[in-house]
Amino acid sequence: LAYRPWYLFLSQFRCFRETNMNKRESELEALYQEMDSAFGDAGLPAAFTGAVTQEEFESWHGPDKFHSLSQDFYNSEPEYFRYFVPFAMKAYLRNYGKDLEADIGLNLFLLSLGEVDYKVDLIKQRYLAMHDALSESQRKCICSFLSFLRTNEMDDGHVSEGTIRYWCK
């Protein structure tokens, strides 16, 4: 085993780290494009008169209000869920790790995407109605989103194998 100066190991680590960061950034960009493609034709809910921007969505729901996303989706019509879920996914990706309150709220949102195994039939039917309103490409996009979170350890353990199977079928 030949002696190698410590700075050679450091340069190899830096190269490895930069390669992984570039890969993650390109995967993230592909995920954003998939979201735009899959949900681009989601109709605006009747209660809204004009298209919503990501910034408007995050001013209504973020970061100190992310905890209400899951409840807002549960209490709304399936068209609301279909229109706003890509905004929530982008908010998750943009805000994860910024502060504890935002992370807790974002993880509550993940629960609304969880595997539908609720014991109370009324709750189960409500989530199934929201999820059934999605097209195949939208379901596939949610699968990609959840898989990205799990692969990059951004799910805090909230994306189970069952959830991946549920969305990626």
Side-chain angles (χ1 to χ4, degrees), residues 16 19-45 52 54 57-58 61-63 65-169:
F16 173 77
T19 301
N20 281 345
M21 288 179 71
N22 289 339
K23 181 182 177 209
R24 183 175 168 183
E25 288 173 10
S26 65
E27 289 173 352
L28 187 57
E29 184 58 37
L31 183 56
Y32 280 134
Q33 289 174 358
E34 184 178 358
M35 286 179 201
D36 292 341
S37 174
F39 289 93
D41 64 345
L44 189 68
V52 176
Q54 186 69 34
F57 177 84
E58 288 186 34
H61 288 289
K65 299 178 199 103
F66 283 141
H67 63 276
S68 68
L69 277 173
S70 183
Q71 183 178 359
D72 289 351
F73 284 149
Y74 179 81
N75 290 327
S76 64
E77 294 301 313
E79 67 176 1
Y80 182 91
F81 177 76
R82 184 179 52 248
Y83 185 79
F84 285 107
V85 78
F87 289 100
M89 291 188 299
K90 287 177 184 177
Y92 191 105
L93 294 168
R94 289 168 48 137
N95 292 285
Y96 178 80
K98 288 189 177 175
D99 69 49
L100 183 61
E101 186 176 7
D103 286 354
I104 291 169
L106 291 167
N107 282 311
L108 288 172
F109 159 66
L110 281 183
L111 295 177
S112 71
L113 297 178
E115 176 182 20
V116 180
D117 63 353
Y118 297 98
K119 305 293 184 233
V120 178
D121 198 44
L122 178 66
I123 296 172
K124 184 176 185 173
Q125 294 307 317
R126 184 69 182 155
Y127 279 106
L128 287 174
M130 288 187 331
H131 298 171
D132 288 346
L134 300 171
S135 70
E136 186 62 33
S137 64
Q138 291 166 341
R139 290 183 62 83
K140 199 170 159 186
C141 181
I142 291 174
C143 169
S144 297
F145 168 73
L146 295 171
S147 297
F148 178 86
L149 295 184
R150 193 155 192 228
T151 300
N152 291 285
E153 299 177 351
M154 295 174 65
D155 68 330
D156 295 334
H158 294 292
V159 179
S160 68
E161 274 300 319
T163 298
I164 295 292
R165 278 193 309 276
Y166 175 78
W167 287 103
C168 300
K169 51 185 164 182

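When a residue number appears, it is its place in the shown sequence, counting from 1.
- Interatomic distance, Leu134 CG to Cys141 SG, rounded to the nearest 0.5 Å: 10.0 Å.
- Annotation: side-chain contact (heavy atoms from CB on, under 4.5 Å) contacts of Ser135 (sequence neighbours excluded): Ser137, Gln138.
- Using a 4.5 Å heavy-atom threshold, the side chains of Val159 and Ile164 count as touching.
- Residues Tyr166 and Leu128 approach most closely at OH-CD2, 3.8 Å, considering heavy atoms.
- For residues 79-97, the salt bridge (charged side-chain N to carboxylate O under 4.0 Å, His left out) pairs, not counting sequence neighbours, are Asp36-Lys90, Glu55-Arg94, Glu58-Arg94.
- Sorted by first then second residue, the salt bridge (charged side-chain N to carboxylate O under 4.0 Å, His left out) pairs that include residues 136-152, not counting sequence neighbours, are Arg150-Glu161.
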Yes or no on side-chain contact (heavy atoms from CB on, under 4.5 Å) for Phe148 and Met154, after CA distance, side-chain angles and deciding distance? CA-CA 8 Å; Phe148 178 86; Met154 295 174 65; 3.8 Å; yes
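- Residues passing the side-chain contact (heavy atoms from CB on, under 4.5 Å) test with Thr151, sequence neighbours excluded: none.
- For the side chain to side chain donor-acceptor pair (under 3.5 Å) test, no residue two or more places apart in sequence or in another chain qualifies with Ser147.
- Here the options are Leu93, Ile142, Val85, the test is side chain to side chain contact (heavy atoms under 4.5 Å, CB included), and the partner is Met35; only Leu93 passes.
- The shortest side-chain heavy-atom distance between Phe81 and His131 falls under the 4.5 Å cut-off.
- Remark: Tyr96 pairs with Tyr92 by the ring-ring contact (aromatic ring centres under 6.0 Å, His included) rule, at least two apart or across chains.
- Residue Leu31 forms a side chain to side chain contact (heavy atoms under 4.5 Å, CB included) with just one option from Glu29, Glu34, Glu27, Gln33, and that option is Glu34.
- Shown here are the ring-ring contact (aromatic ring centres under 6.0 Å, His included) partners of Phe57, two or more places apart in sequence or in another chain: His61, Phe84, Phe87.
- A distance of 9.5 Å separates CG in Asp155 from OG1 in Thr163, rounded to the nearest 0.5 Å.
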